[in-house]
Amino acid sequence: MTRKKVLLVFGTRPEAIKMAPVVRALQQHDAIHPIVAVTAQHREMLDQVLSLFEIRPDHDLDVMRPGQSLDSLFATVLCRIGGILQQEAPAMLLVHGDTTTTAASALAGFHNRIPVGHVEAGLRTGDLRAPWPEEGNRRLVAPFADIHFCPTSRAAGNLLAEGIDPGRIHVTGNTVIDAVLDANARIAASPALQAALARQFDWLAPSSRLVLVTGHRRESFGHGLRQVCKALLALAERQDVQIVYPVHLNPAVRGPVTALLGTHPRIHLLPPQEYLPFIELMRRASLVITDSGGIQEEAPALGKPVLVTRDTTERTEALEQGTVKLVGTEVERIVGSANEVLDRGFPAGGLQSSPYGDGTAARRIAALVADF
Ligand code: UD1
Ligand code: UDP
């Protein structure tokens with residue numbers, strides 16, 4: 001039997017983490033021959049993930065250039081992925097989420113008449129300015145996609161409301177839950193790995209509560225990011241807290257964060273962490289403060305409370321569950337909410353079942369791709 005050739009395209013860290021389980025599930029499916037093209041919209045942060053999940057791309061476009069505009073990135077990805085689609089002529093193109101890589105690749109699929117499958121389809125805030133430009137990218141992909149893999153029934157409802165054919169919409173769960181449960185299980189099952197991680201983080205104060213922080217959203221660049229940093233400085237006044245902040249490599253993030261937080265004794269700025277060490281930090285955290293989409297999904301699955309430094313979110317299920325709270329970028333609100341969680345605990349604390357999946361999303365997607 002000839003296997004169905006499926007081309008997966010991704011380019012940033014979160015796409016790689018969330019597509020890695022799909023790559024594996026497609027490799028294990030006897031009716032599918034997966035091919036991986038990475039745009040490398042991210043370089044170092046992508047390579048960390050490729051190496052952990054042992055993904056050797058068939059095509060690496062290496063498009064990251066310092067300071068490049070969204071326009072030039074989009075145009076480069078569109079043309080280069082178009083060329084790969086012509087060369088490979090796959091039966092299906094799979095894209096993920098809402099990045100420039102995603103939108104440009106989906107458009108290339110449409111131009112080249114290759115059926116497009118969209119993983120993590122249907123997320124919406126309803127506000128084109130937040131997250132920017134991701135909300136626009138998601139909406140661009142929806143009409144071009146031939147099959148939509150939604151993480152939740154709410155995401156599926158968003159697509160139905162936009163007039164997408166119900167027969168093309170499938171609720172599969174989010175593959176990030178596959179990834180985080182896999183990482184958590186790998187750590188839990190390996191004393192050698194636990195010992196290596198303990199050595200890696202032996203500088204953490206054992207008696208201090210760990211607050212894990214990330215941030216990179218473009219709509220917060222400038223004022224919003226500075227406010228979040230001020231809130232962290234205020235929170236770090238607490239002697240019982242240590243803040244660990246792996247800083248995104250985008251110069252628009254790294255510059256201000258290093259300038260504002262680089263010297264505080266209880267704030268530890270780290271380079272982007274590999275996935276397993278990052279999950280280890282999450283396992284140890286009392287509180288996560290972030291504007292990341294993926295971390296809003298992962299932390300509740302590990303029973304960790306999250307404050308989201310955004311005004312809106314497309315991941316509303318965990319808000320209702322009570323494990324995630326939107327706090328915006330105002331200093332007082334962030335500090336007040338953080339103190340509340342640290343002092344009184346989170347209303348819905350403790351390990352819960354994730355509203356975003358059960359760890360089997362990638363297998364479901366592989367089965368649907370095979371049947372398409
Ligand atoms: C991108 C995505 C965003 C996603 C985020 C995850 C778009 C428009 N944005 O945002 O949706 O949430 O990734 O992190 O697609 N850089 C490096 N090395 C790296 C990665 C980034 O040096 O490994 C620097 C480069 O200077 C690069 C810059 O960061 O030009 C910005 O990267 P880019 O992918 O354009 O945007 P992000 O803000 O990372
Ligand atoms: N992550 C990681 N190392 C880090 C910070 C984050 O491996 O130092 C992981 C995190 O667990 C999540 C993903 O990267 O799976 C989130 O990526 P990011 O915040 O860059 O993008 P977003 O989720 O906002 O699109």
Side-chain angles (χ1 to χ4, degrees), residues 10-21 38-53 62-74 76-77 95-105 120 123 130-138 140-141 174-184 212-221 225 244-255 269-283 285 288-299 301-302 304 306 308-310 313-315 356:
F10 47 91
T12 64
R13 168 174 67 191
E15 290 167 271
I17 289 169
K18 292 170 166 183
M19 284 294 244
V38 294
T39 62
Q41 175 177 332
H42 287 172
R43 186 70 275 171
E44 303 90 323
M45 287 160 56
L46 172 75
D47 292 343
Q48 286 181 331
V49 184
L50 296 179
S51 123
L52 173 69
F53 289 101
D62 201 23
V63 302
M64 196 184 86
R65 298 287 176 274
Q68 70 190 333
S69 69
L70 293 178
D71 291 341
S72 86
L73 177 60
F74 192 104
T76 307
V77 172
V95 297
H96 181 280
D98 53 21
T99 69
T100 300
T101 288
T102 315
S105 301
E120 201 182 75
L123 300 194
W132 179 85
E134 291 83 1
E135 178 78 1
N137 287 337
R138 300 166 179 151
L140 273 175
V141 175
N174 196 314
T175 58
V176 78
I177 303 300
D178 304 23
V180 72
L181 294 183
D182 175 45
N184 195 39
L212 179 62
V213 178
T214 79
H216 70 84
R217 297 249 82 88
R218 284 170 184 250
E219 68 272 13
S220 298
F221 285 1
L225 183 56
V244 176
Y245 187 162
V247 186
H248 195 286
L249 291 180
N250 194 330
V253 176
R254 203 153 47 133
L269 302 184
L270 306 183
Q273 296 294 290
E274 292 185 11
Y275 192 52
L276 293 182
F278 187 76
I279 295 303
E280 171 65 12
L281 287 170
M282 211 186 276
R283 282 159 56 96
V288 180
I289 302 179
T290 189
D291 61 16
S292 157
I295 296 169
Q296 282 179 65
E297 295 154 345
E298 291 165 337
L302 297 184
K304 300 297 176 175
V306 187
V308 175
T309 50
R310 293 171 49 179
T313 183
E314 54 294 281
R315 289 145 169 113
Y356 301 114

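As the structure lists them, so they are numbered: ligands from 1, and atoms in each ligand from 1. In this text the structure is predicted, and so the values were computed from the model without any measurement.
Polar contact check, D291 against ligand 2: no nitrogen or oxygen pair lies under 3.5 Å apart. Residue G293 has at least one nitrogen or oxygen atom sitting less than 3.5 Å from a nitrogen or oxygen atom of ligand 2, judged on distance alone. For ligand 1, none of its N or O atoms has an N or O atom of N137 under 3.5 Å away. Of the polar atoms of Q68, none of the N or O atoms is found under 3.5 Å from an N or O of ligand 1, judged by distance alone. On a distance-only criterion, T101 and ligand 1 share no N/O pair closer than 3.5 Å. Every N/O-N/O distance between T12 and ligand 1 stays at or above 3.5 Å. Looking at ligand 2, you'll find an N or O of Q273 within less than 3.5 Å of one of its N or O atoms. In terms of N/O distances under 3.5 Å, ligand 1 is approached by M45. On a distance-only criterion, H248 and ligand 1 share at least one N/O pair closer than 3.5 Å.
Atom numbering of ligand 2 starts at 1 in the shown order; those under 4.0 Å from a heavy atom of P14 are 17 (O), 20 (O), 21 (O), 22 (P), 23 (O), 25 (O). In the vicinity of P272, heavy-atom distances shorter than 4.0 Å reach the ligand 2 atoms 8 (O). Every atom of ligand 1 is numbered from 1 in the order shown, and the set under 4.0 Å from a heavy atom of P14 is 6 (C), 14 (O).
The shortest contact between atom 13 (C) of ligand 2 and any protein heavy atom is with I17 CD1, 3.8 Å. For atom 38 (O) of ligand 1, the nearest non-hydrogen atom of the protein is N250 ND2, 3.1 Å. The shortest contact between atom 1 (N) of ligand 2 and any protein heavy atom is with F278 CD2, 3.7 Å. Atom 16 (C) of ligand 2 has its closest protein heavy atom at S292 OG, 3.5 Å. Among all non-hydrogen protein atoms, the one lying nearest atom 11 (O) of ligand 2 is E298 OE1, 2.7 Å. Protein heavy atom in closest approach to atom 23 (O) of ligand 2: G294 N, 2.8 Å.
With a heavy-atom cut-off of 4.0 Å, H216 touches ligand 2 through its side chain alone. Under 4.0 angstrom from ligand 2, the non-hydrogen atoms of R13 all belong to its side chain. Proximity of R217 to ligand 2, defined as any heavy-atom pair under 4.0 Å, is confined to the side chain (atoms from C-beta onward).
Residue contacts with ligand 2: E134 is excluded, as none of its non-hydrogen atoms falls under 4.0 Å.
Aromatic ring pairs are classed by plane angle as parallel below 30°, tilted from 30° to 60° and perpendicular above 60°; the pair H248 and H42 is perpendicular.
Atom CZ of R43 has more than 12 heavy atoms from other residues, nucleotides or ligands within 6.0 Å.
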